[in-house]
Amino acid sequence: MSTNTASSSAATAGSGDSSGARKNSKRPKYSKFTQQELPACKPILTPGWVISTFLIVSVIFIPLGVISLFASQDVVEIVDRYDNDCIPTPARTNKVAYIQGGGDKACNRTLRVTKRMKQPVYVYYQLENFYQNHRRYVKSRSDSQLRSPKYENQISACKPEDDVGGQPIVPCGLIAWSLFNDTYTLSRNNTRLAVNKKGIAWKSDKEHKFGNKVFPKNFQKGNLIGGATLDPNISLSEQEDLIVWMRTAALPTFRKLYGKIETDLEIGDTIDVLLQNNYNTYSFSGKKKLVLSTTSWLGGKNDFLGIAYLTVGGICFFLALAFTIMYLVKPRRLGDPSYLSWNRNPGGR
Amino acid sequence: MARPGGLSVDSSATNHLRAPSRTVTLGRIQPQAPTFRTVYCNDRDSIFPVRFKGNSISTTKYNVFTFLPKGLFEQFRRIANIYFLGISCLSMTPISPVNPITNVAPLSMVLLVSLIKEAFEDWKRFQNDMSINNSSVEVLQDQQWINIPWRKLQVGDIIKIKKDGFFPADLLFLSSTNSDGICYVETANLDGETNLKIRKALERTWDYLTSEKASEFKGEIQCEQPNNSLYTFTGNLIEEKQTLPLSPDQLLLRGCSLRNTEYIVGAVIFTGHETKVMMNAMNAPSKRSTLEKKLDKLIITIFCALVIMCLIGSIGCAIVTDRDHDYLGLHKTDWEYRNGMTIAFFTFFTLVTLFSTIIPISLYVSIEMIKFIQSTQYINRDLHMYHAETNTPASARTSNLNEELGQVEYIFSDKTGTLTRNLMEFFKCSIGGISYGCGITEIERGIAQRDGLKIQEEQRSTGAIREKGFNFDDPRLMRGGWRNEPNPDLCKEFFRCLAICHTVLPEGDESPDKIVYQAASPDEAALVTAAKNFGFFFYRRTPTMVYVRESHTEQMGKIQDMSYEILNVLEFNSTRKRQSVVCRFPNGRLVLYCKGADTVIFERLAYGMDEVRKVTGQHLEHFGSSGLRTLCLAYTDLNPEAYDSWNEKFIQAKSALRDREKKLDEVAELIEKDLILIGSTAIEDKLQEGVPTCIETLSRAGIKIWVLTGDKMETAINIAYACNLINNDMKQFIISSETDAIREAEERGNQVEIARVIKEEVKKELKKSLEEAQRYLHTVAGPKLALVIDGKCLMYALDPTLRVALLNLSLNCTSVVCCRVSPLQKAQVTSLVRKGAKKITLSIGDGANDVSMIQAAHVGVGISGMEGMQAVMASDFAIAQFRFLTDLLLVHGRWSYLRICKVVMYFFYKNLTFTLTQFWFTFRTGFSGQRFYDDWFQSLYNVFFTALPVIVLGLFEKDVSASLSKRYPELYREGIRNSFFKWRVVAVWASSAVYQSLVCYIFVTASAFDGKNSSGKIFGLWDVSTMVFTCLIIAVNMRILLMSNSITRWHYITVGGSIAAWLLFAFVYCGIMTPRDRNENVYFVIYVLMSTFYFYFTLLLVPVVALLADFIYQGVERWFVPYDYQIVQEIHRHEPDSSNADQLEIANELTPEEARSYAISQLPREISKHTGFAFDSPGYESFFASQLGIYAPQKAWDVARRASMRSRPKTPKKN
């Protein structure tokens, strides 16, 4: 039989095919990517990992918490709410009428220093229930106008405080219009404490966002006076009260820097504050507070960070303990095949 | 049939030609146009005014002009995009708190990416079209064959196609180099059938073969309008005033190729999109994955959450908004603040715009990108799924369904070409009670492997012959070795029986190497080939004679030509299950050779054969359990007188007008008796490589496999055995139409009656089986169940009244075999499970008959690399081998599912977290809808600061390696159970989002209240929001690392990169002033923040606290309720991840329970009762039948045998 020759001829034909095939082989090229064999780290949350992660977190967090708590404790803060007290008792039935009426609204407050306050001591005013973050309010400003006299007419966003009789208001918008206008005069033992109102705004605002060639125009000339007036002869970049005010607050309770006292305040000092209670928060029952505070490297008196760090660190420590106990009491062998669902329930689900 | 007027042909002639052909259309059926087309051949001038369509095809979706409008339209059909378009429009209005850029930027980004993807895909289609349009064809011009590209071909052109060339258009076949004007075509591209079809040109046109002659051809063709019916064609050729009818026999369809013919000449009738194959081209129904549908539900839920949030906000705003806040300037104007209702109304839309980020806009485009890369880079390029022999890599034809592959619960498989290679090989035999053949079948190998036995390597003897149809090795029989066996005479009878008792036609050269056997079933061809290799070479057949060249019969090495006169052929049919031939030897000896099923042969054996019968029976069982198809051979010597008297009866029966078949059967019974058992043959229906292992793996994965086949029940059961789908431990329910009651009814012949009886029977059977099945289910260790049902019963079982019972029964069965089913039934069964049981289904098949099933299932898989393309064209995934399903499902599918789930969950989480911080803030702004974040922060959050890590997650996430996925197929069940996309999982992520947003918001705002840094300056809104945003970016990005099981360097790069990108962006964006009227809210904010210690303290605290809860959750979950994959991870935590790990011993890891069940499985089983009889293939028919005038159902396109039958009788006459 000549089968052999046939098979050999078939074999040569086959090899010819395969060499041809090699040329246009569709065999995919090997690469780690296409074969999904990229080197990878495969973390498994073994109890060891879990416990040690908790321990590490607690080891880092507890000291940080202690540090921030200490920083916060260092800060001395005096808070005085005056919105109610500064209304003369007879006028308290209708505070809004009082505040909107004319006349002198001076008010005297006395603060007692209970702990030594190293200079600089910062003077803040704190408003509550004041929606400086209201959508209508936040957008009612013109950054270009504040920056350069060229853009004086860019007031489209400023409604309803955009112009007076066709003349653009500089600075326009609700924010500027409602500029805070209570004033504080502080004195200690009848000597006036100088309140430095320079350097209370962020430098970037002062130098870039508020132009030194932009001067207030037509400001508070409308039918309603919203708040403080501005000296038309001082450029906006020097009007730091305005700059601070216009960095709108995130929440309806907020503090704004009023100025700083550059002398130390000693324990037992009494500080007399003569304030002009002009700003109307009474119509929406907003609170007004005067705050004197020192700062630490971390900022003002705020225990939140420290407590949060300590709590989290503590919880992690506790969890580490709990997991360790659990590990000892009810250990699960790693990779125990009896945990596999098809072994637990041989019938299969 | 209404025929167009003006045709002078006798329409009955064409009708006659068409009568037996089935009308098969693969796509939508189009009504035939009432008019006809006239083609003037070889005459471009007269054709020109008609303006038939050109031959260039285009499958692109767009062109340069329609791309933008059409592409955008496609994009906006997606509900999420419409939503964002609406939001973008809203954000242009004054009620919007955000700049339009916030919503327009992400939307345009998403649209851009999608459009680029569309353009890229369309470009590929265009290039593909171009390469087809530009392939060249020889066309007749000025008496010469000139090469022109396909696209320039016109109707009426005369073209020449060489051997193995493809037809560029639908052609009228004029002439061929073969005598008799025939040519062979392969239609695999159309219907997947691989056997060659014969086309025959009209005798009149045979001469137009050379260019000179062909240019003289001036015919006019009148034919039907283009339509999509592949198997019909009517028309007339009018040449020299003669009208000749045309039939499908003269039509060569585009897409087919020419075989075994040097070249042919044809005239173009239909071109381009008007060709039948193109008319059949249908857009596969676009499928969406189940996960994506669930995702829609999630999106709707999110949308509801959005509406609720906005309602809360708007009601709050209506209550809180107060003219007393005079600094808001409300008293001066405005219509929108007129009263509570208007405030609420407008605030609602304000808030919708503000919270729009809750719906993850980039989710769809990200998922699409991930899936696209998964399918093009992973599935298409997986070396594990590359089949070297056919040079076919796997191919994902759609990228929509990757994750669906991870949830498949039911697989519907075709048999032929999918499970098996449709390659019958003579493998073993038993002669006179001695078993021959030393091969080991795939199934034996599988069983041995399961039992942990080592298989000795097969050692083929030197003289072993391996050819198509023959894979037998035993030196005792080869090369005349049988002469030394105990029973040489029986061996001789065995071989003669193989060489004589069949209906095979030899074709081609009469030498052993070159002869080609044309047989109705490959089994027959294999048997005759076996005879050839044993030295009984059947080389010629005339209607009355069979010629066999016998070797070694008289003495070793001697060859002699023998001619046997065939006196009668007793046909095979499914009731007889046997076939006999009465032949007369040259020396006058009268012998009846018979082959058939063991049961029918054993009944008819002569007395005293018990010993041989018993031994042979054992062999048969052994063969059967090895998955082999068996036949018993027997013979009997006939007494001439007895034969003559019988023959008279036979001739009478044959000429009977009524009940001819029945009478023939009865007559056959008279002579087929007192048989002497020779032995049995065992043919291996070659399974595709690795099928049993694959099926076993898949069933361990919780996937149920159904075999749907057109084959007969015996064959189907056989294959089911061979594939491990059914074994003898299983309880089998067999619902067959081959019962006595049904047969009786059928004999009475009343159609209505038959239907009623079958339905009753089926109902009874179903009910009985169902009861029994339920009884087994309640027992603890009941056997596994299997259902076998045939097509006729299935037709009734699918009836609405019985459907529920069928579904209940079949869902309880581990494997189901449906045999004798039509393509339509395949689809019906698939949708029964898909719709009835709401399970995810996958269909796999290779041929045109599987198309409907492939399209009906959730996922359609086509077997590629074979000849047929129809299944592949309709499929969603194409693989070369059934066994690649393991990789496709267990590796790619499972990972895709896992990845997409994680990606979706992460998107949901990150957008919810982001939006919730905004929501909490809204409570503190008097519900005014003030935005918390800068516009650009918000718009880039999704597309820039958190986009890449999640894509990396979607690409590289791996719970366990590929080899472990295959080693623990059970892991796949997590996908079937949908463990990773349940509402419970959503809830966990949602609470995580709530927690994290609260932490980010409250921690930062609470600690940012008073003066920060030692100069006592105060933060504003934008400082705080930028701080929150920074914490959020870090927490959300780090969350990716926490949820990843496998962290590559790309994770680090993208996570680090995203955070760095945010910081970089912040530095640049906060550092610049633009001259336009823009609120420079965040000017310098980041620098201000970074000048304080507060920034760093918060940055450490907040993300850690935010992630702590998730960390604890994950730790506890792994500890107390671990997922399966987590255990597997732990088991193999020290192993390097490599694909070589496949070979690891599993036995080492056995638990006691496993070990016990393993031991039980090794105990000897009840001896198999399955003997593996199978002897048919669909469309089994005899050419004798048609010769004798007995009606046999014919296939539409005749097989090659018919043509050779016509020509064959001429040969002896000429001689």
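Each chain gets a letter, A, B and so on, in the order its sequence line appears, and its residues count up from 1.
Counting all heavy atoms, side chain and backbone alike, A:Phe304 lies closest to B:Ile1002 at CZ-O, 4.5 Å. B:Ser1044 and A:Pro43 get closest at one heavy-atom pair: O-CG, 4.2 Å. For the pair A:Ala250 and B:Phe921, the tightest heavy-atom approach, listed with the atom from each and the gap, is O-CE1, 3.2 Å. The two residues B:Asp1010 and A:Gly300 come nearest to each other via the heavy atoms OD2-C, 3.0 Å. What you find for B:Tyr1052 and A:Cys41 is that their closest heavy atoms are OH-SG, 3.9 Å. Smallest separation of non-hydrogen atoms from A:Glu37 and B:Lys958: CA-NZ, 4.1 Å.
Per-residue counts of heavy-atom pairs under 4.5 Å with chain A were compared for B:Asp382, B:Val1024, B:Thr321; the largest is that of B:Asp382. Considering only heavy-atom pairs separated by less than 4.5 Å from chain A, the leading option among B:Thr925, B:Thr1005, B:Thr1048 is B:Thr925. Comparing B:Val1105, B:Val891, B:Val1088, B:Leu955 by heavy-atom pairs within less than 4.5 Å of chain A, the highest count is held by B:Val1088. For the set A:Asn280, A:Thr253, A:Val291, A:Asp303, the entry with the most heavy-atom pairs within less than 4.5 Å of chain B is A:Thr253.
For a residue to count as touching a neighbouring chain, one of its non-hydrogen atoms must lie under 4.5 Å from one of that chain's; by this rule B:Ser1091 touches chain A with the side chain only. Only the side chain of B:Leu1108 comes within contact range of chain A, with heavy atoms under 4.5 Å apart. Neither the backbone nor the side chain of A:Lys260 comes within contact range of chain B; no heavy atoms are under 4.5 Å apart. Only the side chain of A:Thr295 comes within less than 4.5 Å of a heavy atom in chain B; its backbone stays farther off. When heavy atoms are compared at a cutoff of 4.5 Å, A:Ala308 approaches chain B by way of both its backbone and its side chain. Residue contact with chain B, scored on non-hydrogen atoms closer than 4.5 Å, involves the side chain of A:Leu319 exclusively. Interface remark: A:Ala201 contributes backbone atoms only to the contact with chain B (heavy atom separation under 4.5 Å). For A:Pro120, no part lies under 4.5 angstrom from a heavy atom of chain B. For a residue to count as touching a neighbouring chain, one of its non-hydrogen atoms must lie under 4.5 Å from one of that chain's; by this rule A:Phe130 touches chain B with backbone and side chain alike. For A:Gln126, the part sitting under 4.5 Å from any heavy atom of chain B is the side chain, from C-beta outward, and nothing else. Of the atoms belonging to A:Val50, heavy atoms from both backbone and side chain fall under 4.5 Å from chain B. Neither the backbone nor the side chain of A:Ser31 comes within less than 4.5 Å of any heavy atom in chain B. Contacts of A:Ser178 with chain B are made by side-chain atoms alone, with heavy-atom separations under 4.5 Å and no backbone atom involved. Using a 4.5 Å cut-off between heavy atoms, B:Phe1009 contacts chain A through both its backbone and its side chain. Looking at A:Thr34, the atoms closer than 4.5 Å to chain B (heavy atoms on both sides) sit in the backbone and in the side chain alike. For A:Tyr30, the parts lying under 4.5 angstrom from a heavy atom of chain B are both the backbone and the side chain.
At least one donor-acceptor pair closer than 3.5 Å links the side chain of B:Ser928 to the backbone N or O of A:Arg135. Checked by atom type and distance alone, the side chain of B:Tyr327 never pairs as donor or acceptor with a backbone atom of A:Thr281 at under 3.5 Å. A:Tyr339 places no side-chain N or O within 3.5 Å of a backbone atom of B:Gln1126 that could act as its donor or acceptor partner. A donor-acceptor pair is defined here as one N or O able to donate and one able to accept, closer than 3.5 Å; such a pair exists between the side chain of A:Tyr124 and the backbone of B:Gly1016. No side-chain donor-acceptor contact under 3.5 Å links A:Arg332 to the backbone of B:Phe1120. A:Asn302 places a side-chain N or O within donor-acceptor distance of the main-chain N or O of B:Ala1006, the cut-off being under 3.5 Å.
Note that CD of B:Gln930 and CZ of A:Arg136 are 13.0 Å apart. Values are rounded to the nearest 0.5 Å. Considering CD of B:Glu1130 and CG of A:Asp336, their distance stands at 9.0 Å, rounded to 0.5 Å. Going from atom CD1 of A:Ile44 over to atom CZ of B:Arg1118 covers 5.5 Å, rounded to the nearest 0.5 Å. Atom CG of residue B:Asn380 and atom NZ of residue A:Lys26 lie 12.0 Å apart, to the nearest 0.5 angstrom. The distance from atom CG of B:Asp1023 to atom OG1 of A:Thr248, rounded to the nearest 0.5 Å, is 9.0 Å. Note that OH of B:Tyr1087 is 15.0 Å distant from CH2 of A:Trp202, once rounded to the nearest 0.5 Å.
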(request) Walk me through it: do B:Ile1018 and A:Val244 pass the test side chain to side chain contact (heavy atoms under 4.5 Å, CB included)? (result) CA-CA 8 Å; B:Ile1018 297 278; A:Val244 166; over 6 Å; no
(message) What verdict does the side chain to side chain contact (heavy atoms under 4.5 Å, CB included) test give for A:Gln35 and B:Leu383, after you've listed the backbone C-alpha separation in whole Å, the side-chain angles of each residue and the deciding distance to 0.1 Å?
(response) CA-CA 7 Å; A:Gln35 301 310 311; B:Leu383 285 169; 3.6 Å; yes
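Under a cut-off of 6.0 angstrom, the local environment of CD in B:Glu389 is sparse, with at most 12 non-hydrogen atoms contributed by other residues, nucleotides or ligands. Under a cut-off of 6.0 angstrom, the local environment of CH2 in A:Trp245 is crowded, with over 12 non-hydrogen atoms contributed by other residues, nucleotides or ligands.
You'll find the side chain of B:Tyr1123 stays beyond 4.5 Å of the side chain of A:Ser341, heavy atoms only. Side-chain contact check for B:Trp1119 versus A:Leu45: every heavy-atom pair is 4.5 Å or farther apart. With a 4.5 Å cut-off on side-chain heavy atoms, A:Gln36 and B:Ser1046 do not count as touching. Between A:Ile200 and B:Lys1017, every side-chain heavy-atom pair lies at or beyond the 4.5 Å cut-off. Side-chain contact between A:Phe61 and B:Val1104 is present, with at least one heavy-atom pair separated by less than 4.5 Å. Contact of the A:Leu38 side chain with the B:Phe956 side chain is registered, since non-hydrogen atoms from C-beta on lie closer than 4.5 Å. A 4.5 Å side-chain heavy-atom check between B:Trp1022 and A:Val138 finds at least one atom pair inside the cut-off. With a 4.5 Å cut-off on side-chain heavy atoms, B:Ile373 and A:Phe33 count as touching.
In this pair, B:Phe1093 and A:Trp297 present their aromatic rings perpendicular. The plane angle is above 60°, beyond the 30 to 60° band.
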